[in-house]
Q: 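Pasting a structure below so you can have a look.
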Protein chains: 2
Amino acid sequence: MATIRDVAKHAGVSVATVSRMINGTGYVHEDTRRNIETAIKELQYTPNEVARSLYKKKSKLTGLLLPDITNPFFPELARGVEDEMQENDYRIIFGNSDEDRDKEQDYIQTFVQNNVVGVIASTNSPDTDTYRKLAIPVVFLDRTADDSPSVYSDGREGGRIAAREMIARGSRRVTVMQGPKHVRPAQDRFKGAVEMLKEQGIDYNVVQTSSFSFTDAGTWAEQLFRQYPDTDGVIASNDIVAAAVLHEALKLGKKVPEEVQIIGYDDVPLSGILNPALTTIRQPAYDMGRAAARLLIAFIENKPIEQSTLQMPVTFTERDTTRKAEQ
Amino acid sequence: MATIRDVAKHAGVSVATVSRMINGTGYVHEDTRRNIETAIKELQYTPNEVARSLYKKKSKLTGLLLPDITNPFFPELARGVEDEMQENDYRIIFGNSDEDRDKEQDYIQTFVQNNVVGVIASTNSPDTDTYRKLAIPVVFLDRTADDSPSVYSDGREGGRIAAREMIARGSRRVTVMQGPKHVRPAQDRFKGAVEMLKEQGIDYNVVQTSSFSFTDAGTWAEQLFRQYPDTDGVIASNDIVAAAVLHEALKLGKKVPEEVQIIGYDDVPLSGILNPALTTIRQPAYDMGRAAARLLIAFIENKPIEQSTLQMPVTFTERDTTRKAEQ
DNA sequence: TTGTATGCGTTATCAG
DNA sequence: CTGATAACGCATACAA
């Protein structure tokens with residue numbers, strides 16, 4: 001790898017001049033500029049970001065911490081973040097936390113050890129020293145903490161909508177699936193749904209689940225219909241679980257949506273191609289990722305910030321696992 | 001952030017001693033060790049990886065380049081890579097290439113600018129200077145190049161299996177979907193399928209597709225049944241497309257698998273919960289990711305390497321979009 | 001307009 | 001067993 005010294009020597013100038021020309025700081029004569037440029041070309045020089053980072057105590061690196069990229073909601077988020085970052089010349093150090101505090105800590109630590117200029121995190125414990133002590137900006141994604149910059153959607157409202165639409169379409173023995181206890185967004189949507197069910201005086205049951213994994217989803221689905229065989233409406237904790245419930249319902253010979261209605265959550269890409277296609281509460285994942293990155297960059301670059309807390313809209317996405325609403 | 005100098009001062013020793021104790025290089029008296037340890041604790045010191053990287057010209061950073069994390073095949077791969085890396089204290093700088101040479105170049109460049117010690121790449125152009133000129137080890141994932149370290153599965157064989165099983169189950173007017181022209185694995189499986197179809201003298205049509213995106217998949221599916229309404233077997237280019245074809249077939253009132261059989265490719269997690277569940281050719285994505293990371297680490301750490309080219313097995317995963325084989 | 005010297009935080013060499 | 005010190009590649013203050 002050629003260094004700035006090589007370039008300087010090759011161009012017959014000092015490293016300072018090369019540095020100035022590269023960074024566009026200070027004057028440099030047209031002729032010498034030309035010399036330096038050809039030197040750079042010939043040596044295929046590219047600046048060593050590590051040295052830069054050491055000197056400036058700032059890098060072009062950013063940390064992204066997500067629970068599990070294997071859950072189809074997160075790739076959308078990640079892609080949004082990545083696209084925005086890459087368009088602004090930032091790079092991403094990526095890690096999966098598995099919602100585990102230790103792993104999370106560990107990643108955050110290596111983020112700072114590597115001089116990242118900011119981090120985007122999807123965590124259940126934003127209100128901890130792990131984040132409070134950070135000297136760099138943090139944006140929470142898909143999660144919130146009061147007064148902390150964050151991009152998320154209104155889980156409670158999403159849950160309420162799901163329940164409301166389910167009731168409006170005639171289900172009267174509803175089963176609400178409660179996602180993992182320590183996952184905030186899962187609990188928010190759960191609470192929202194239960195709230196609405198109670199308000200409307202509708203009978204409901206709860207099935208507890210402890211993960212969002214594809215492999216477990218089938219188990220929750222079986223359990224659901226074993227415990228509540230006469231349920232006529234399922235509000236799932238996310239689309240994966242909803243898909244598993246749909247699968248199980250059809251396997252048991254139940255007609256969807258005639259006998260059982262199902263509403264998912266997230267609107268991950270696969271939801272639209274299920275059979276029947278899944279009715280769900282949509283979160284604009286990709287946009288959320290982009291927004292979070294945009295916000296973080298604004299902090300990093302000290303740009304003006306209108307709002308440091310963005311609540312994105314959730315929308316009822318009606319497809320074929322629900323009946324037409326009664327007028 | 002506390003530096004090694006702070007620790008040294010705090011412990012009343014020189015930085016050299018602190019460094020020695022941290023890295024376990026050279027002797028250090030038991031008493032001073034204790035002093036240093038408490039100093040580290042009190043100051044919450046963690047070594048600056050950037051400074052380390054600058055001096056040693058080596059980091060704990062690794063580059064991972066994938067086409068598109070939004071395609072559900074890749075999160076599995078990525079997770080495998082990440083798990084193995086993280087267990088070995090390596091971190092990942094991640095980027096999506098969109099199968100685009102420029103983006104790819106760009107990422108590779110910033111990888112080296114950041115002193116990564118190795119890269120894992122899923123690329124269609126492994127045989128280019130971009131990779132040949134790299135001074136650090138590279139492992140190609142899901143793609144191969146002769147003699148280059150790589151982890152992939154046998155696409156041609158996968159295609160052959162798909163066609164063979166489709167024929168064995170009675171389809172006689174098969175449609176093979178050809179994935180994006182520039183994506184090697186897609187072409188391999190396509191060729192394999194066509195090869196087998198020809199060998200067996202079975203009538204077949206080809207539908208060309210140019211992406212793996214969820215949004216486009218529906219279009220290919222519609223087009224397929226418009227052009228070849230009497231097809232009785234579809235070999236899709238991957239599971240996403242297969243899911244779309246399944247969706248469309250049912251929408252058109254076709255019985256699956258009675259009137260149309262469908263075979264996908266990859267066995268992404270969603271395949272098992274489709275209705276009917278998708279028969280597909282499985283690639284062990286997670287394991288492939290792990291294997292690639294393990295291989296890369298072996299290169300990085302100069303460990304002995306048995307095989308630098310790993311071809312993982314593809315397996316026919318029989319579910320419900322195909323009929324029982326004729327005995 | 002350009003060059004010299006210094007320091008960013010670490011590790012390794014070498015002398016003590 | 002320990003401490004000065006040079007060097008990694010770069011950007012900046014200051015001189016020229």
Side-chain angles (χ1 to χ4, degrees), chain A residues 1-37 39-40 43-61 89 109-117 135-136, chain B residues 1-37 39-40 43-61 89 109-117 135-136:
Chain A
M1 281 285 78
T3 75
I4 198 173
R5 304 179 74 118
D6 300 328
V7 175
K9 202 171 300 175
H10 201 88
V13 296
S14 78
V15 294
T17 306
V18 178
S19 177
R20 272 191 298 265
M21 118 114 228
I22 290 174
N23 297 292
T25 159
Y27 305 96
V28 33
H29 192 86
E30 188 54 35
D31 296 347
T32 61
R33 152 167 281 117
R34 232 184 290 287
N35 285 337
I36 296 177
E37 270 167 357
I40 288 180
L43 299 177
Q44 302 201 51
Y45 168 77
T46 55
N48 181 324
E49 286 296 336
V50 176
R52 267 194 182 162
S53 174
L54 179 60
Y55 180 86
K56 315 224 309 184
K57 297 174 190 241
K58 273 182 192 210
S59 67
K60 288 301 238 174
L61 259 25
D89 292 324
Q109 197 194 85
T110 70
F111 286 167
V112 333
Q113 287 182 311
N114 284 286
N115 262 355
V116 303
V117 280
I136 48 173
Chain B
M1 280 285 78
T3 74
I4 198 172
R5 304 180 75 118
D6 300 328
V7 175
K9 202 171 299 176
H10 202 88
V13 296
S14 76
V15 295
T17 306
V18 178
S19 176
R20 271 192 298 266
M21 118 112 228
I22 290 174
N23 298 291
T25 157
Y27 304 95
V28 33
H29 192 85
E30 189 54 32
D31 295 348
T32 60
R33 149 166 285 116
R34 232 184 290 288
N35 285 338
I36 296 176
E37 269 167 358
I40 288 180
L43 300 176
Q44 302 201 52
Y45 167 78
T46 55
N48 180 323
E49 286 295 337
V50 177
R52 267 192 181 162
S53 174
L54 178 60
Y55 182 86
K56 317 222 309 184
K57 300 177 188 232
K58 273 182 192 207
S59 67
K60 289 301 240 174
L61 259 25
D89 292 324
Q109 198 195 83
T110 69
F111 286 168
V112 330
Q113 286 182 310
N114 283 285
N115 262 355
V116 304
V117 279
I136 49 174

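So that the names make sense, note that chain A is the first sequence line, chain B the second, and so on, each numbered from 1. This is a predicted model, so every value here is computed, not measured.
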Q: Which atom pair, heavy atoms only, marks the closest approach of Leu61(B) to Asn114(B)?
A: CD2-O, 4.2 Å
Q: Using atom names, set out every protein N or O paired with an N or O of nucleotides 14-16 of chain C below 3.5 Å, distance rounded to 0.1 Å.
A:
none

Q: Check Glu49(A) with Arg52(A), please: is the shortest side-chain N to carboxylate O separation under 4.0 Å?
A: yes
Q: Counting only non-hydrogen atoms, which of residues 23-34 of chain B are less than 4.0 Å from DNA chain C?
A: Asn23(B)
Q: What's Val13(B) touching, base or sugar-phosphate or nothing? Going by heavy atoms closer than 4.0 Å.
A: sugar-phosphate
Q: Counting only side-chain N and O atoms of Lys58(A), is one of them less than 4.0 Å from OP1 or OP2 of dC8(C)?
A: no
Q: Nearest heavy atom decides the nucleotide; on that basis, is Lys56(B) or Gly12(B) closer to the 5' end of DNA chain D?
A: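 Closer to the 5' end of DNA chain D: Gly12(B).
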Q: Under 4.0 Å from a heavy atom of chain A: give me the 5'-most and 3'-most nucleotides of DNA chain D that qualify.
A: dG9(D) to dT12(D)
Q: From the options dG9(C), dG3(C), dA12(C), select the nucleotide whose nearest atom is closest to the side chain of Asn48(B).
A: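 In terms of side-chain proximity for Asn48(B), the closest of dG9(C), dG3(C), dA12(C) is dG9(C).
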Q: OG1/Thr17(B) to CD1/Ile22(B) distance, rounded to the nearest 0.5 angstrom?
A: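 Nearest 0.5 Å value for the OG1-CD1 distance: 11.0 Å.
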Q: Under the criterion side-chain contact (heavy atoms from CB on, under 4.5 Å), I'd like the reasoning laid out for Val116(A) against Ile136(A): C-alpha separation, chi angles, the key distance, then a yes or no.
A: CA-CA 8 Å; Val116(A) 303; Ile136(A) 48 173; 3.6 Å; yes
Q: Using a 4.0 Å heavy-atom cut-off across all strands, classify Ser19(A) as base, sugar-phosphate, or nothing.
A: base
Q: Below the 4.0 Å mark, does dT10(C) have OP1 or OP2 next to a side-chain nitrogen or oxygen of Tyr55(A)?
A: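 False: Tyr55(A) side-chain N/O out of range (4.0 Å or more) of dT10(C) OP1/OP2.
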